[in-house]
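Residue numbers start from 1 in every chain, and the chains themselves are labelled A, B, ... in the order their sequence lines are given, proteins ahead of strands.
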Amino acid sequence: MAFYITTSISYVNGRPHLGHAYEAIASDIVARHHRQRGEDVFFLTGTDEHGEPVADSARANGMEPRAWADLNAAKFQAMLPTLSVEPDFFIRTTDPEHARRVQAVLQTVHDNGYVYKGTYAGWYCPRCADFKVENEILEGNRCPIHEIPLTREHEENYFFALSAFQERLETFFSEHPGFIAPARARNEAEAFLAGGLQDVSLSRAKLNWGITVPWDPGHVFYVWFDALLNYYTAPGFARPGVDLTAALWPADVHMIGKDILKFHTIFWPALLMAAGLEPPRGVYVHGHLAAADGRRMSKSFGNGIDPAEAVDRFGSPDPLRFYLMRDVRYGTDGPVSLDALTARYESELANDLGNLASRTLAMIVRYRDGQVPPAPLDPELVDAFTGLPDTVAAAIDAIDLSGGLEAIWQRVRRLNRYVEERRPWELAREPTATGQLDSVLASLHEGVRALAVLLAPYIPTSAHTLLNALGRPESGYGAAAFGAGTDGPPVRVATIAPLFPKAPAA
RNA sequence: GGCCCUGUAGCUCAGCGGUCAGAGCACCCGGCUCAUAACCGGUGAGACGCAGGUUCGAAUCCUGCCAGGGCUACCA
């Protein structure tokens, strides 16, 4: 069974910031979870490289657009492994294969009668050589950058007949209530749709940094159409000599930020319909991370926290991955800071989970010489863990990544409480309690192991270290069941350095 | 201008018509010693933004106001 998930592609107009990392991490977690379930996962990310802002910033940096795009795309691509984000393909919209396929799809849209030539009228700044959007214009129709008067200019343009899809989109929305999540985002899209659709400009004539319109080479496609189509073009050329399109389309999940909701929930399905293609199955909208100063993080504010700093501080991306999914409820906005990350790290990763692992391994070594006793599992823990893998899977299916983590953490706490309740150190002193101690240690080992399997998508490096130390490295979803680890030959554990050491190097 | 979201313990948030309003963190007290001075238990703590209204009953619905944030088709 195929599972195709995408991030939005990053605009190479600047450097990567935590917002990009956030979406990449969330998508990676979902992808890893589905791989655990044995699905044939294809996880796509990449960069969006055409359009005026890129051409402008290239010029400002004294570079050609392509060289500038190469430079920045490399930064985005280089960030992924530092976050343990492992996509199956990294698409660049400057890939020739992408351009070819964009032309083919849009030619079909054209041939199907959804493209017409019209006139785009807007306020134009001769100094910027650029049209300005209505809401960025200063009082008196002046340029927001140069503060000089704008002129009303007209440009011959191709238009996409978006308005022709009003009813089809309404029908699609009502027949696919799960298409947009969470509900808040769906409401917004529906409200927008209800407001009535207008046709949108499909091409630009004044710009050449883009994909050439095949039926009129004097134009390039407007960058958003080029960009959206990445989701569809990538499966066609991600594997040389193999076309995965039939196997992967329609995509299961597009992970996006709320800022680009309309492009993905209105433009995108309409465009696909116009080309005779199926719309994606789901668009999942996450919130924006706010900086510690309360403002939102954004390229244009330049106040983004460098993800590399957060990774370096702890020597692994796991704490950052955990923190982002744990501290901000997925799907809502929330503030993030290095201080809050540190607090979560110490109280939950070090004190709760890391210490639970340490004490479990230490007791097995100390009381049973490292051998996990083949004893019956404690019914109380069996009970506490019943249904947990299903609960976590349901949460992740609903892209409630925080909810999945919360369900797991309730059991982390349960296990720490279990240690106190059973007091293994007392059982160890009583010669008659050998069987009880065996059962407690085996149950603890099994509980920690099951949790490590469930945590693997969130904190892959730490989870695998832990599973290895426990002597049961299997990480498929079947191994997530409490009791699944008691099959097979006796197991020996290894002691390890603290998983999440306190006082990390600053 | 229009539309939308948020405002609940010191902090971050859950609850969204009906047991004394909840969790985590922080604080304080107690317990324990297997463990990364970690863990476990407990106490305290809140006019649920303000003012009206609906209801047998509202943090939960309605109206207005205040404060913060967002969207309004081409910036993530």
Do A:R414 and A:E380 meet the salt-bridge criterion of a basic N to acidic O distance under 4.0 Å?
-> yes
For nucleotides 5-11 of chain B, tabulate all protein N/O to nucleotide N/O atom pairs closer than 3.5 Å, reporting atom names and distance.
none

Among the candidates B:rC71, B:rA76, B:rG24, find the nucleotide nearest to the side-chain atoms of A:H17.
-> B:rA76
The side chain to side chain donor-acceptor pair (under 3.5 Å) partners of A:S443 (sequence neighbours excluded) come to none
Give one of base, sugar-phosphate or nothing for A:Q198, where a contact means two heavy atoms less than 4.0 Å apart.
-> base
Looking only at atom C1', what distance separates B:rU63 and B:rG22, rounded to whole Å?
-> 29 Å
Between B:rC5 and B:rA21, how far is it from one C1' atom to the other, in whole Å?
-> 23 Å
Side chain to side chain donor-acceptor pair (under 3.5 Å) involving A:T432 - partner list, sequence neighbours excluded = none
Please identify each residue that fulfils side chain to side chain donor-acceptor pair (under 3.5 Å) with A:R411, with sequence neighbours left out.
-> none
Residues two or more places apart in sequence or in another chain: which of them pass ring-ring contact (aromatic ring centres under 6.0 Å, His included) with A:Y231?
-> A:H254, A:H264, A:W268
Not counting sequence neighbours, which residues clear side chain to side chain contact (heavy atoms under 4.5 Å, CB included) with A:A395? List them please.
-> A:D400
C1' spacing across the pair B:rA9 / B:rG46, given as an integer number of angstrom | 5 Å
Check step by step if side-chain hydrogen bond (donor to acceptor under 3.5 Å, both in side chains) holds for A:N61 and A:W68.
-> CA-CA 8 Å; A:N61 286 276; A:W68 176 243; over 6 Å; no
Please state whether the phosphate of B:rA73, meaning OP1 or OP2, lies under 4.0 angstrom from any side-chain nitrogen or oxygen of A:W268.
-> no
Whole-angstrom distance between B:rC27 and B:rC66, as gauged at atom P | 40 Å
Classify the nucleic acid contact of A:G196 as base, sugar-phosphate or nothing, counting any heavy atom under 4.0 Å across all strands shown.
-> base
By nearest-nucleotide position on RNA chain B, the 5'-leaning member of A:A191 and A:D327 is A:A191
Does A:W209 have any ring-ring contact (aromatic ring centres under 6.0 Å, His included) partners at least two apart in sequence or in another chain, and if so, which?
-> A:H50
Using a cut-off of 4.0 Å on non-hydrogen atoms, how would the nucleic acid contact of A:I266 be classed: base, sugar-phosphate, or nothing?
-> nothing
Any residue meeting side chain to side chain donor-acceptor pair (under 3.5 Å) with A:R417, in chain and number order, not counting sequence neighbours = none
Integer-rounded Å distance: B:rG24 C1' and A:R344 CZ = 6 Å
Using the C1' atoms only, state how far B:rA67 lies from B:rG24, rounded to an integer number of Å.
-> 27 Å
Distance between P atoms of B:rA59 and B:rU19 (Å, rounded) | 10 Å
Which residues share a side chain to side chain contact (heavy atoms under 4.5 Å, CB included) with A:P424, sequence neighbours left out = A:M363, A:Y367, A:V419, A:L437, A:V440
Parallel, tilted or perpendicular: which describes the rings of A:F263 and A:F267, with under 30° parallel and over 60° perpendicular?
-> perpendicular
Positions of residues 432-446 of chain A (non-hydrogen atom under 4.0 Å from RNA chain B), listed by number | none
Residues two or more places apart in sequence or in another chain: which of them pass salt bridge (Lys or Arg N to Asp or Glu O under 4.0 Å) with A:R368?
-> A:D438
For B:rA76 versus B:rU54, give the span between their C1' atoms, rounded off to a whole number of Å.
-> 45 Å
Using the C1' atom in both, what is the distance from B:rA58 to B:rG53, to the nearest Å?
-> 12 Å
Taken to the nearest whole Å, CE/A:M325 to P/B:rG24 is 23 Å
Going 5' to 3' through nucleotides 29-42 of chain B, assign each nucleotide B (protein heavy atom under 4.0 Å from a base atom), S (under 4.0 Å only from sugar-phosphate atoms) or - (no protein heavy atom that close).
-> --BSSBBB-SBSS-
